[in-house]
Amino acid sequence: MLNSNGLEDVAKKESWVDFGEALEEAVDNPIKYGFRTPSEVLNRVAVLRGKRPHTLRNPLEAYKWLKKRHPNVEKERPAWLGMTLVLFLMKIEELDQVTAEKLAPQVFGGQMRQVQLKAEFDRLRQERVDQHANADLSKLSSPQRAQIFDQTVFKFLMQHGPKVFGTENMQLKDGRSLGSLYPDYVVEIDGKPKVAVEINAYRQRVERQFTVNTLGYLWLLRKLVPEALLIVPQGSGYELNQLAKLRDEIGLDGIRFATLPETGAPRFEDLVMQE
């Protein structure tokens with residue numbers, strides 16, 4: 001569409017808060033701008049700003065969170081407030097809401113730098129992993145077990161990712177950076193998305209239909225990046241050999257499978273690949 005019907009004004013916003021506000025209004029009202037879906041709006045604004053569409057989601061989500069959780073700050077919009085500070089505070093809130101509430105006055109009062117906030121986020125993330133390292137997993141809820149395994153995978157990839165993916169020039173990022181269809185994490189190599197990492201939590205029994213659906217989702221992710229990697233807990237009900245067999249029978253290349261211990265995987269050898 002050549003005529004962006006006012007999206008140029010959205011794209012020209014310089015402050016990330018102003019841009020996030022304008023972008024939220026645009027994606028909530030795509031018809032107003034001559035589009036049918038929010039994704040079309042994001043794609044067009046990305047073109048106007050010379051960015052990739054997935055990069056617009058950070059200012060959008062940061063603004064929405066700021067408006068909901070700290071409306072006074074959203075109203076004042078201090079010029080020094082960086083988007084990354086808000087994003088880290090969002091992540092801290094996901095881990096520990098009480099800590100986030102304690103830190104918020106320091107963050108919005110200009111008393112906490114980004115490096116300090118990141119250190120607090122890293123501490124909470126590690127604390128969450130350590131708390132459950134020796135937990136009786138059978139007594140935990142499914143969401144709790146899923147969160148524990150996610151943290152196990154994250155810590156492992158942060159420590160051993162360069163060896164797993166064969167390069168020091170890798171970064172592990174939130175999968176939402178890929179766009180509306182996204183995995184749990186995405187591995188960027190030399191600044192480009194290369195591997196979609198999908199994590200499936202523990203299941204004692206895995207139905208065939210779930211297996212087929214998982215393989216289909218991995219193939220969709222494979223359309224976005226050169227490779228997709230599924231990681232599941234060791235000892236769970238996933239029959240990765242059967243999944244690999246089905247993958248090969250229908251000719252789906254670029255999809256790999258692996259297992260890790262559900263809690264704690266300090267050694268590179270803890271990762272078991274199912275080729």
Side-chain angles (χ1 to χ4, degrees), residues 1-71 73-91 93-94 114 169-198 213 216-229 254-255:
M1 180 176 295
L2 296 178
N3 182 6
S4 299
N5 297 330
L7 288 182
E8 291 89 348
D9 292 336
V10 174
K12 289 178 181 178
K13 300 291 184 183
E14 295 185 3
S15 160
W16 74 265
V17 182
D18 293 342
F19 176 62
E21 179 183 37
L23 189 59
E24 180 189 37
E25 190 277 333
V27 298
D28 285 347
N29 302 279
I31 295 177
K32 174 182 175 181
Y33 296 92
F35 295 94
R36 292 178 299 174
T37 67
S39 293
E40 291 176 336
V41 172
L42 284 174
N43 289 339
R44 184 55 187 163
V45 174
V47 170
L48 292 170
R49 285 178 73 93
K51 303 287 186 179
R52 289 184 292 176
H54 74 261
T55 64
L56 305 187
R57 294 190 176 275
N58 278 345
L60 178 61
E61 295 304 319
Y63 171 76
K64 290 166 65 175
W65 181 85
L66 186 67
K67 183 175 69 171
K68 179 180 179 180
R69 302 290 291 129
H70 300 278
V73 179
E74 185 272 334
K75 184 177 180 180
E76 294 173 2
R77 305 188 181 189
W80 56 263
L81 181 62
M83 180 179 66
T84 305
L85 279 172
V86 176
L87 289 172
F88 271 125
L89 197 57
M90 285 174 57
K91 292 178 180 179
E93 185 181 71
E94 292 175 0
Q114 180 177 316
N169 297 323
M170 64 142 288
Q171 285 188 308
L172 187 66
K173 294 193 173 183
D174 190 308
R176 286 174 290 188
S177 63
L178 279 183
S180 55
L181 177 69
Y182 57 86
D184 293 294
Y185 297 101
V186 60
V187 176
E188 289 191 356
I189 297 177
D190 295 326
K192 297 180 180 180
K194 294 294 184 181
V195 184
V197 180
E198 183 70 7
N213 290 344
Y217 188 66
L218 291 171
W219 179 240
L220 289 175
L221 292 174
R222 174 64 181 76
K223 295 291 186 179
L224 302 176
V225 291
E227 184 178 327
L229 173 63
I255 296 176

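This one's a predicted model, so the numbers in the text were calculated from it and none came from an experiment.
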Distance-only check: which donor-acceptor pairs under 3.5 Å involve side-chain atoms of residues 217-226, not counting sequence neighbours?
| unit_1 | atom_1 | unit_2 | atom_2 | d |
| --- | --- | --- | --- | --- |
| Tyr217 | OH | Tyr182 | O | 2.6 |
| Arg222 | NE | Pro226 | O | 2.9 |
| Arg222 | NE | Asp253 | O | 3.3 |
| Arg222 | NH1 | Val225 | O | 3.4 |

inquiry  = Once ring pair (Phe, Tyr, Trp, His ring centres under 6.0 Å) is applied, do any residues pair with Trp65, and if so which ones, sequence neighbours excluded?
reply    = His70

task = Measure the OG1-CD1 distance between Thr37 and Ile31 for me, rounded to the nearest 0.5 Å.
result = 10.5 Å

task = Identify, with sequence neighbours excluded, every residue that meets side chain to side chain donor-acceptor pair (under 3.5 Å) alongside Asp184.
result = none

message = side chain to side chain contact (heavy atoms under 4.5 Å, CB included) for Met170 and Lys194? Distances and angles first, verdict last.
response = CA-CA 9 Å; Met170 64 142 288; Lys194 294 294 184 181; over 6 Å; no

task = Please round to the nearest 0.5 Å and tell me the distance separating atom OH of Tyr185 and atom CZ of Arg176.
result = 10.0 Å

query = Is there side-chain contact between Leu7 and Phe35, with heavy atoms separated by less than 4.5 Å?
reply = yes

message = Distance check, rounded to the nearest 0.5 Å: Leu42 atom CG versus Lys51 atom NZ?
response = 15.0 Å

query = Which residues pass the salt bridge (charged side-chain N to carboxylate O under 4.0 Å, His left out) test with Lys173, sequence neighbours left out?
reply = Glu188

ask   = For Arg57, does the CZ atom sit with more than 12 other heavy atoms under 6.0 Å from it, leaving out its own atoms?
value = yes

inquiry  = I'd like to check the side chain to side chain donor-acceptor pair (under 3.5 Å) partners of Arg69; sequence neighbours left out, ordered by chain and number.
reply    = Glu93

inquiry  = What's the separation between atom OG1 in Thr84 and atom CH2 in Trp16, rounded to the nearest 0.5 Å?
reply    = 9.5 Å

note = Closest non-hydrogen atoms of Val27 and Pro38, given as atom of the first, atom of the second and distance, are O-CG, 3.4 Å

ask   = How many angstroms lie between atom NZ of Lys64 and atom CG of Leu23, to the nearest 0.5 angstrom?
value = 9.5 Å

ask   = Does a salt bridge link Lys67 with Glu24, judged by any charged N lying under 4.0 Å from a carboxylate O?
value = yes

request  = Taking the side chain as every heavy atom from C-beta outward, state whether Lys13 and Pro59 have any atom pair closer than 4.5 Å.
outcome  = no

query = Please, which pairs that meet salt bridge (charged side-chain N to carboxylate O under 4.0 Å, His left out) have at least one residue in residues 77-89, sequence neighbours excluded?
reply = Asp18-Arg77, Glu21-Arg77, Glu74-Arg77

query = Atom CE of Met90 and atom CD of Glu94: how far apart are they, to the nearest 0.5 Å?
reply = 6.5 Å

key: Residue pair Val45, Tyr33: steps toward the side chain to side chain contact (heavy atoms under 4.5 Å, CB included) verdict   = CA-CA 11 Å; Val45 174; Tyr33 296 92; over 6 Å; no

key: Val86 vs Met83, side chain to side chain contact (heavy atoms under 4.5 Å, CB included): CA-CA, chis, key distance, verdict   = CA-CA 5 Å; Val86 176; Met83 180 179 66; 5.5 Å; no

query = Closest heavy-atom contact between Ala196 and Pro183?
reply = CB-CG, 3.7 Å

note = What one should report as the nearest heavy-atom pair of Leu81 and Leu85 is CD1-CD1, 4.2 Å

